[in-house]
Amino acid sequence: MPFSTLPHQTGFYRGKVRDVYSIGENWLIMLASERISAFDVILPRTIPFKGQVLNQIAAHMLRHCADVCPNWLLEVPAPNVSAGWRCEPFKIEMVVRGTLTGHAWRTYQSGKRILCGVPLPEGMQEHDAFPHPILTPSTKASAGHDEDITAEEIIRLKLATPEEYETICAYALALFERGRELAGKQGLILADTKYEFGKRDGKIFLMDEIHTPDSSRYFLAEGFDEKRRSGEKPVQLSKEFVREWLISEGFMGQPGQQVPEMTDERIQDISNRYIQLYEKVTGETFIPNPFSEEETFERMKECAERLVAENQSNG
Ligand SMILES: Nc1ncnc2c1ncn2[C@@H]1O[C@H](COP(=O)(O)OP(=O)(O)O)[C@@H](O)[C@H]1O
Ligand SMILES: [Mg+2]
């Protein structure tokens with residue numbers, strides 16, 4: 001969708017995946033696009049229904065975690081749009097890991113036994129569960145790659161005060177616990193995920209998307225142990241299959257590396273996997289977004305008016 005203006009719009013930011021409209025001083029409207037990023041690079045082709053899947057899973061999860069900590073979401077004016085409180089972001093991504101998967105496994109395999117200051121036990125295999133979920137924060141780079149960071153560095157660099165960081169850590173672990181419960185009810189294992197927090201009115205809020213295939217890794221619980229015992233890969237419902245495909249084609253987002261060709265079949269496969277994940281995670285049948293881009297934009301305009309009119313007093 002081309003950029004155009006909403007009522008009360010005060011800013012616009014095109015993220016890797018979402019278009020973020022600032023409304024007044026206090027609100028955001030986020031349109032989830034069909035763009036897909038991996039290794040912090042936006043891939044050359046878009047994935048049908050990915051924006052809707054992402055947005056609806058995030059909204060579902062934010063609603064089911066609203067009692068764990070305050071979050072930014074106020075309304076979902078269209079299947080691919082969310083609106084809510086604008087927060088002042090902490091420039092860290094709070095990664096929580098239940099299993100030795102993805103980046104943690106790649107780091108472990110390279111021989112390292114400390115991740116973000118957290119010591120890792122010897123003798124672990126890929127996807128083994130940690131004794132307790134671990135926090136492995138990363139920097140939230142405005143450009144380029146996010147990098148692992150320790151709690152000490154976060155405090156030293158004043159990315160959060162010790163008190164704020166303590167609260168954020170407690171929220172992140174509690175959210176992960178809830179995320180695992182919600183996943184478990186749907187026959188899924190939440191392996192790891194990433195949260196972003198910000199401040200509004202002096203209070204810490206959970207912001208951004210949560211528990212989506214872009215920010216999390218899920219496994220099918222059924223067959224997980226059996227597959228691992230027999231040396232097969234457990235079935236993963238997340239973006240990791242995109243990353244693995246890219247790695248197998250020699251692409252890890254490094255300078256000079258070329259994104260492999262995305263065939264129609266590949267696109268369709270990725271789209272199907274996103275839809276499958278939506279149905280699996282929410283337990284609901286996927287209904288393709290009925291709105292055209294114009295209709296969606298109309299809804300965003302009405303939403304912008306509502307945000308300013310209805311939330312003024314407690315904003
Ligand atoms: N409630 C919020 N307040 C302020 N910023 C937010 C909020 N929710 C999400 N964001 C930010 O909006 C952006 C969402 O778009 P995204 O495509 O994920 O961008 P990015 O490429 O920066 O990850 C992110 O930068 C995220 O940190
Ligand atoms: Mg993001």
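Remember, it's 1-based here, ligands and their atoms both numbered in the order they're listed.
Residues satisfying the side-chain contact (heavy atoms from CB on, under 4.5 Å) criterion with Arg228, sequence neighbours excluded, are Gln125, His127, Asp128, Phe224, Pro234. In terms of the side-chain contact (heavy atoms from CB on, under 4.5 Å) criterion, residue partners of Arg229 (sequence neighbours excluded) are, by chain and number, Asp225, Glu226.
Looking at Cys87 next to ligand 1, an N or O pair under 3.5 Å apart turns up.
Salt-bridge check for Asp208 with Arg18: passed, with a basic side-chain N closer than 4.0 Å to an acidic carboxylate O.
Between Phe205 and ligand 1 there is no heavy-atom distance shorter than 4.0 Å. Ligand 1 lies nowhere less than 4.0 angstrom from a heavy atom belonging to Glu88.
Each of the following atoms of ligand 1 lies closer than 4.0 Å to a heavy atom of Val20: 12 (O), 13 (C), 14 (C), 15 (O). Contact atoms of ligand 1 toward Arg86: 3 (N) (distance under 4.0 Å to a heavy atom of the residue). Atoms of ligand 1 lying under 4.0 Å from at least one heavy atom of Leu28, given by number and element, are 1 (N), 2 (C), 3 (N), 4 (C), 5 (N), 6 (C), 7 (C). Taking every non-hydrogen atom of Trp72 and a distance limit under 4.0 Å, the qualifying atoms of ligand 1 come out as 1 (N). Near Lys16, meaning under 4.0 Å from any of its heavy atoms, are these atoms of ligand 1: 17 (O), 19 (O), 20 (P), 21 (O), 23 (O). Listed by atom number, the atoms of ligand 1 under 4.0 Å from Val17 heavy atoms are 17 (O).
Summarising the geometry, atom CD1 belonging to Ile92 is positioned 11.5 Å from atom NZ belonging to Lys140; distances are rounded to the nearest 0.5 Å. Note: Asn71 CG to Tyr195 OH = 12.0 Å, rounded to the nearest 0.5 Å. Atom NE2 in His8 sits 11.5 Å away from atom CZ in Arg306 (nearest 0.5 Å). Atom OG1 in Thr193 sits 10.5 Å away from atom CG in Asp214 (nearest 0.5 Å).
For atom 18 (O) of ligand 1, the closest non-hydrogen atom of the protein is Arg18 NH2, 2.6 Å. Protein heavy atom in closest approach to atom 19 (O) of ligand 1: Gly15 CA, 3.4 Å. Of all protein heavy atoms, the one lying nearest to atom 25 (O) of ligand 1 is Lys140 NZ, 3.5 Å.
Between Phe49 and Phe286, the ring center distance clears the sub-6.0 Å criterion.
Looking at His103 and Asp192, their side chains never bring a donor and an acceptor atom within 3.5 Å of each other.
The closest non-hydrogen atom to atom 14 (C) of ligand 1, taken over Asp214, Asp146, Leu54, Asp208, comes from Asp208.
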